[in-house]
There are 2 protein chains.
Amino acid sequence: METKKDSLYASTLARGLQILRAFDESHVALSLTDLVERTGLEKSAVQRMAHTLHVEGMLDRDPKSRLYRPSHAWLELAYAYYWSDPVIARALPKLIEFSRAWGETVNLAQISDDHIIYSLRLPNQRTHFAASVVGRRLPALNTASGRVMLSTRSDEDIDQACARWPLLQVTGKTLMDRCEIARSIRLAREDGYCITRDQMLLNEISLAAPVRGTDGQAHAAVQISISGIAFNENQVLEKFLPNLLDTAAGILG
Amino acid sequence: METKKDSLYASTLARGLQILRAFDESHVALSLTDLVERTGLEKSAVQRMAHTLHVEGMLDRDPKSRLYRPSHAWLELAYAYYWSDPVIARALPKLIEFSRAWGETVNLAQISDDHIIYSLRLPNQRTHFAASVVGRRLPALNTASGRVMLSTRSDEDIDQACARWPLLQVTGKTLMDRCEIARSIRLAREDGYCITRDQMLLNEISLAAPVRGTDGQAHAAVQISISGIAFNENQVLEKFLPNLLDTAAGILG
DNA sequence: TGGCAGTTATCATTATTTGATATTGCCGAT
DNA sequence: ATCGGCAATATCAAATAATGATAACTGCCA
């Protein structure tokens, strides 16, 4: 037990959180023994934590299979998050407007450490499930949104990020070359947008514009996903870029 | 200290959860003392819990104001929830299809005790923030979705619910008469849908259709919000009902 | 500059968690 | 039906980790 020699650190609470975080896109319902495996906690600890979380309404349980599952409370937390983030409230109407006007998928992405997280998604066509629901985290360097946000930071920040931030190969064509990525970011700085293709999904073109605060730095990015079959990059730029830039600029402007 | 004389109950974890739940739509950033007030916990306990949650990445903190706020992790939890709920995966493409075809706001609502919770929302027009973000909970009896889901249950269930479930006056016109509500539910049973007006928002017409499982009971409802200025109830029914019923029936069908 | 409210730190006390173990219950195989 | 094995529950003495009172600090505003 690696105690964080921190007298204020409540390890029981931390253990409970570990249980919550054991659930993810490929672990949707877990038994006690699954939880023991995934968290590395003692069987008894898992038993007590899961029980407590269940009593407190944070975990549902199938009485038949005895599997634990996330409860609706997890969505309520998201609701509280939405109210707490001032960017969300300003972005949502703009995104709705864009979505309505163009009938294309629009997302709001935010930086979360060295990843981006999609905090608003307005899907407009059938696509993969992961691409339509809120809360997905992806390595910032691999995404148009991440790059365009990074492009508003200092050169040192960019160099550091390109050197150290994680990469994840998602499709066969996900760009993994850090020099190329750095180049892409500098280009984004000049252009004021970033466009990618086939990075998270084959035949998907992703176009992102920065949402700048008063300091000029991007707190978020507005991103659209366009079919790479129906359009090529130039067509996407021509058709959507001006409005996307307007939409993004209007959020904190 | 009201111990739930339950030897498996980890009270420290429960206290941590209390901190999380202290945040909501009107409490978006809380100081230590705010948290003490809202949770009723000891100052020291709050200090340790908040600190732990911060270290664990569940709370962000503004170093200037020292206020705690929900972190992006709250959205990640929502992401895990989405993958865990099989209804969501089946509903999402249908809702996208409907949204695209009709250009109107569509939601998926689920029963959560005596409330409904919106688990998917595809807003298509500017509306109130609360009506566009996922995770909002409303008393089931006051909503078309709640009533139509309830209408698929037994008579006893309905009677019990009408007698005991909570009501909440939201607009000046929110129906608070339990007899009227019971009547509305029985009508919904006959009709296979439920329509309301001015209940959660003035000049909003809400139309809901049940998503039935193999047992005939509704696990969810598909609901649309239509402007009561542009349409009256009959027009809404005529224009949208058939497709809404199809959409809802197609989800678990 | 002083005072105050809120935050951070400390520590002896003790309640709570721990983790090993025992028991129970469930499901599939025979 | 019966058995066997695995997983879930319950129990309990030991000791760790949480408690809560209090004290020290900090920064803000008058």
Side-chain angles (χ1 to χ4, degrees), chain A residues 1-23 26-71 84, chain B residues 1-23 26-71 84:
Chain A
M1 195 159 318
E2 26 58 63
T3 24
K4 310 238 208 308
K5 51 198 53 191
D6 172 349
S7 62
L8 290 178
Y9 187 79
S11 49
T12 304
L13 172 53
R15 271 186 273 260
L17 297 175
Q18 275 190 76
I19 302 279
L20 298 183
R21 286 192 289 242
F23 295 88
S26 46
H27 301 91
V28 298
L30 300 173
S31 69
L32 277 180
T33 34
D34 294 338
L35 286 167
V36 170
E37 266 186 45
R38 277 185 64 71
T39 60
L41 297 176
E42 289 293 328
K43 181 164 56 168
S44 312
V46 169
Q47 184 189 168
R48 263 174 305 104
M49 298 303 134
H51 171 76
T52 305
L53 290 167
H54 177 58
V55 170
E56 290 296 322
M58 292 301 296
L59 289 178
D60 285 344
R61 184 168 211 196
D62 179 20
K64 192 89 183 173
S65 68
R66 336 218 109 172
L67 261 38
Y68 289 100
R69 296 188 349 106
S71 80
S84 76
Chain B
M1 196 162 315
E2 27 54 62
T3 22
K4 307 238 208 308
K5 53 196 52 189
D6 173 349
S7 63
L8 290 178
Y9 188 79
S11 48
T12 304
L13 172 52
R15 271 186 270 261
L17 297 176
Q18 275 190 74
I19 303 278
L20 297 183
R21 285 191 290 240
F23 294 88
S26 46
H27 301 91
V28 299
L30 299 173
S31 71
L32 238 26
T33 34
D34 294 337
L35 286 167
V36 170
E37 264 187 48
R38 278 185 63 72
T39 60
L41 297 175
E42 289 293 327
K43 181 162 57 169
S44 312
V46 169
Q47 182 188 172
R48 266 175 298 107
M49 298 305 133
H51 171 77
T52 306
L53 290 167
H54 177 58
V55 169
E56 290 296 322
M58 292 300 297
L59 289 178
D60 286 344
R61 183 167 213 194
D62 179 21
K64 191 90 185 175
S65 67
R66 337 218 106 172
L67 261 37
Y68 289 99
R69 299 193 340 112
S71 79
S84 77

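So you know, we letter chains A, B, ... as the sequences are listed, proteins then strands, and number each from 1. In what follows, every heavy atom counts, from backbone to side chain, and hydrogens, waters and symmetry copies are set aside. None of the values given here were measured: they were computed from a predicted structure.
When side chains are defined from C-beta on, S31(B) counts as touching L67(B), because their heavy atoms get closer than 4.5 Å. Annotation: side chain of Y9(B) is in contact with side chain of E56(A) (closest heavy-atom distance under 4.5 Å). Side-chain contact between Y68(A) and I19(A): absent, with no pair of heavy atoms (C-beta onward) separated by less than 4.5 Å. You'll find the side chain of H27(A) stays beyond 4.5 Å of the side chain of D34(A), heavy atoms only.
Under the side-chain hydrogen bond (donor to acceptor under 3.5 Å, both in side chains) criterion, R66(B) pairs with no residue at all, not counting sequence neighbours. For S44(B), the side-chain hydrogen bond (donor to acceptor under 3.5 Å, both in side chains) criterion is met by no residue, not counting sequence neighbours.
When all heavy atoms of F23(A) and P70(A) are compared, the closest pair comes out as CD2-CD, 3.7 Å. In terms of heavy atoms, K43(B) sits closest to V36(B) at CA-CG2, 3.8 Å. Heavy-atom minimum distance, T39(A) versus L35(A): OG1-O, 2.6 Å. Taking each heavy atom of G57(B) and S71(B) in turn, the nearest pair found is O-OG, 2.7 Å.
For the pair H51(A) NE2 and dT16(C) P, the computed distance is 15 Å after rounding to whole Å. The CG atom of L8(B) sits 10 Å away from the P atom of dT17(C) (whole-angstrom rounding).
Remark on the helix from dT1(C)-dA30(D) to dT30(C)-dA1(D): inter-end axis angle 50°, axes from five-pair C1' superpositions, rounded to 10°.
Checked against dT17(C), dT8(C), dA17(D), the side chain of R61(B) finds its nearest nucleotide in dT8(C).
For the OP1/OP2 pair of dT24(C) and a distance below 4.0 Å, the side-chain nitrogens and oxygens of R66(A) include no atom meeting the criterion. OP1 or OP2 of dT18(C) sits under 4.0 Å from a side-chain N or O of R15(A). A close approach under 4.0 Å does occur between a side-chain nitrogen or oxygen of T12(A) and OP1 or OP2 of dA18(D).
Of the residues in residues 29-49 of chain B, E42(B), S44(B), R48(B), M49(B) come within less than 4.0 Å of DNA chain D through at least one heavy atom, sorted by number.
Between A10(A) and L67(A), the residue anchored closer to the 5' end of DNA chain D is L67(A), taking for each the nucleotide with the nearest heavy atom.
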Can you pull every protein N or O that's under 3.5 Å from an N or O on nucleotides 28-30 of chain D?
none

Validation: residues 45-53 of chain B side-chain donor-acceptor distances under 3.5 Å, sequence neighbours left out:
from   : atom 1 : to     : atom 2 : distance (Å)
H51(B) : NE2    : D6(A)  : OD1    : 3.3
H51(B) : NE2    : D6(A)  : OD2    : 2.5
T52(B) : OG1    : L8(A)  : O      : 3.4
T52(B) : OG1    : A10(A) : N      : 2.8
T52(B) : OG1    : R48(B) : O      : 2.7

